[in-house]
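Below is one structure, written out as structure tokens; the observations come after it.
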Protein chains: 2
Amino acid sequence: MAFIKRDERLPLYRQVREEILEKISRGTWLPDTAIPTEAELTKQYGVAIGTIRKAVDTLVNDGLLYRSQGRGTFVRRPDFNTSLFRFFRQQPADGSFIVPESLILLKALQVPPAEASTALNLQANQLAIHLKRLRFLKGVVVLTEDIWLPEMLFANLVDIDSNEIGSLLYPFYEKHCGLLVASATETLTIECADDDTASALKIETGHPVAVIERLAFGFDKTPIEYRVSRGSADTFRYQIEIN
Amino acid sequence: MAFIKRDERLPLYRQVREEILEKISRGTWLPDTAIPTEAELTKQYGVAIGTIRKAVDTLVNDGLLYRSQGRGTFVRRPDFNTSLFRFFRQQPADGSFIVPESLILLKALQVPPAEASTALNLQANQLAIHLKRLRFLKGVVVLTEDIWLPEMLFANLVDIDSNEIGSLLYPFYEKHCGLLVASATETLTIECADDDTASALKIETGHPVAVIERLAFGFDKTPIEYRVSRGSADTFRYQIEIN
DNA sequence: TAGTGGTCTAGACCACAAG
DNA sequence: TTGTGGTCTAGACCACTAG
């Protein structure tokens, strides 16, 4: 029995959905582990199995859970380390994905630019952790990245040596700061390379670059990370199917 | 009852889905009109209402149908005249959408470039209808477009005066050539403007432009139209949510 | 008021995975 | 063999739309 908070106005299957969502976001049910079986949930919530299935359906559809026939239903581990990265042409065309290498150039406490400050809901002039890094595929520089992190959330990161940080930041955030990225918005624009970007990417100043601005959120929708990535426009290719 | 072609290996709800898809693509059920009620379909196909609902669910999810409580379930009229266009910043930020004006510069029978020829499954050197046009928002040029159409499908279009073609091509294709666009793939890349593009868009040669290449298909997956649109990179902005 | 889709129930049998 | 999710049935009542 078991509705912690139920909004009577909502359909039953939506209420169940909210309950499950709560379990995932609070970490009661962990990524890559099975949630209770449908029969179990039926008992716990006192609703029919069809209702449980419909609730789980919506979460599977949203990508938060995945089902495996005969084994169970599992919490998906979110992974945004890939995302728009796959649209740079150094990636193999067969759909497989190479994890890009990474070199951190800077880790410092600085005043973030206005966009970052606004995105992260910081006070004016409030300091944030600034990471600059380069990302490589097969030894070739593909992206420059500027990353801004709220100091309160990432206090543990201040004293860590840059070399201890691996290629993928999100698993690192989770392990050292207890922060799990659950969703993000990305905005793609195009600009001309300034001197710094050009020399980092080994292109000419003024050459067009694709700019990917990402704001990543936790399960509770608080902004966790603001990131701007830049790559040469030559290698950029984004494909979409419309139905 | 009523299965025209049934693939016994598929689940019932998938078979029903295929049947409905067939009705839509053959034009038996027309856009913006209601399909039979769930009770009716239950009788026609001799399956339970839950199965009908599941089949319809998948089609609603794919955007081919939409439901309206108390009224019925309807065939969606596809509309790709918008799509990536909405990502140019001249569009109002409030989510509303202005239909761009359009000026046709050229209509001619020509040998298409290799990409167009391949995309449309044409023989080498086979002629196709070439349209060139400019598209405006609030009187400002936003896009140049090169459109290639297979002559066999668009025979009716050859003798039509350019001025009779309105701002939106897809409704025109449907009315005059009986061709309904059902899906499309779009690929976004970035290049530097050549002289022609630059003068059309009123930018400098070499200035970066966003290139949107679209291949549009009918319900039977035959390619109908190949289109390349170019707009100044300054005004381009594409946003995406990841969950 | 009649007809539609929206929600919900309480079962059933099947296909698949794992021990 | 046991337990899981995948499919399917045959109803029920509700909320909304339109005449």
Side-chain angles (χ1 to χ4, degrees), chain A residues 1-3 6-21 23-24 29-77, chain B residues 1-3 6-21 23-24 29-77:
Chain A
M1 260 305 82
F3 281 93
R6 53 190 307 170
D7 183 345
E8 299 281 356
R9 297 167 304 181
L10 256 47
L12 259 183
Y13 78 94
R14 295 281 276 153
Q15 294 179 39
V16 173
R17 182 198 150 96
E18 291 303 318
E19 295 279 333
I20 296 177
L21 210 46
K23 294 284 210 311
I24 298 172
W29 295 344
L30 294 170
D32 294 333
T33 64
I35 71 171
T37 68
E38 296 175 345
E40 187 66 31
L41 291 172
T42 296
K43 273 183 276 181
Q44 279 183 30
Y45 294 117
V47 300
I49 190 162
T51 305
I52 295 292
R53 281 193 68 79
K54 187 153 187 179
V56 172
D57 276 348
T58 68
L59 289 164
V60 169
N61 223 291
D62 292 350
L64 281 106
L65 298 175
Y66 61 94
R67 291 199 250 237
S68 178
Q69 184 175 138
R71 296 202 303 134
T73 301
F74 300 82
V75 180
R76 162 148 288 130
R77 170 174 299 281
Chain B
M1 256 290 84
F3 282 93
R6 51 190 308 171
D7 183 345
E8 299 282 357
R9 296 167 304 181
L10 256 45
L12 258 184
Y13 78 94
R14 295 281 275 151
Q15 295 179 40
V16 172
R17 183 199 149 96
E18 290 304 316
E19 294 279 332
I20 296 177
L21 211 45
K23 294 284 209 312
I24 298 172
W29 295 344
L30 295 170
D32 294 333
T33 63
I35 72 171
T37 68
E38 296 175 345
E40 187 66 32
L41 291 172
T42 296
K43 273 184 276 180
Q44 280 183 30
Y45 293 116
V47 300
I49 191 164
T51 305
I52 295 292
R53 282 192 68 79
K54 186 151 186 179
V56 172
D57 277 348
T58 67
L59 290 163
V60 169
N61 223 291
D62 293 351
L64 281 105
L65 298 175
Y66 60 94
R67 292 199 249 237
S68 178
Q69 184 175 142
R71 297 201 303 133
T73 300
F74 301 81
V75 180
R76 161 148 289 127
R77 170 174 300 283

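Chain A is the first sequence line, chain B the second, and so forth, proteins listed ahead of strands; every chain is numbered from 1. All values below were derived from every heavy atom in this structure, side-chain atoms included, with hydrogens, water molecules and symmetry-related copies excluded. Since this is a predicted model, take the numbers as computed values, not measurements.
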As a check of understanding: the bend across the helix from C/dT1-D/dA18 to C/dA18-D/dT1, end axes from five pairs, rounded to 10 degrees, works out to 10°

Here the distance between atom C1' of D/dC16 and atom CD of B/Glu38, to the nearest Å, is 14 Å

Rounded to the nearest 0.5 Å, the CG atom of B/Leu21 sits from the CH2 atom of B/Trp29 at a distance of 10.5 Å

Comparing A/Gly70 with A/Arg53, nearest DNA chain D nucleotide closer to 5' gives the residue A/Gly70

DNA chain C nearest-nucleotide lookup for A/Ser68 and B/Pro36: closer to the 5′ end is B/Pro36

B/Arg71 side-chain N/O to D/dA18 phosphate OP1/OP2 under 4.0 Å = yes

side-chain contact (heavy atoms from CB on, under 4.5 Å) test vs A/Val56 passes for just one of A/Thr73, A/Thr51, A/Val16, namely A/Thr73

Taken to the nearest whole Å, CD1/A/Ile49 to P/D/dG5 is 8 Å

Result for 5'-nearest mapping on DNA chain C, choosing between A/Gln69 and A/Thr51, is A/Thr51

Note: chain A reaches DNA chain C at heavy-atom distances under 4.0 Å over the stretch, first to last nt, 5' to 3', of C/dT7 to C/dA18

Output for pair (A/Arg14 CZ, A/Arg17 CZ), nearest 0.5 Å, gives 5.5 Å

So CD1 of B/Ile52 and CD of B/Glu38: to nearest 0.5 Å the spacing works out to 8.0 Å

Sequence neighbours excluded, the answer for side-chain hydrogen bond (donor to acceptor under 3.5 Å, both in side chains) partners of B/Arg71 is B/Ser68

For B/Val47 and B/Thr42 the tightest heavy-atom approach is O-CG2, 3.0 Å

note: A/Leu65, atom CG; D/dT4, atom C1'; distance rounded to Å ~ 15 Å

Under the side chain to side chain contact (heavy atoms under 4.5 Å, CB included) rule, what do A/Leu64 and A/Ile20 come out as? Steps first, then yes or no, please.
CA-CA 10 Å; A/Leu64 281 106; A/Ile20 296 177; over 6 Å; no

In terms of heavy-atom contacts, A/Arg76 and A/Pro31 come closest through O-CB, 4.4 Å

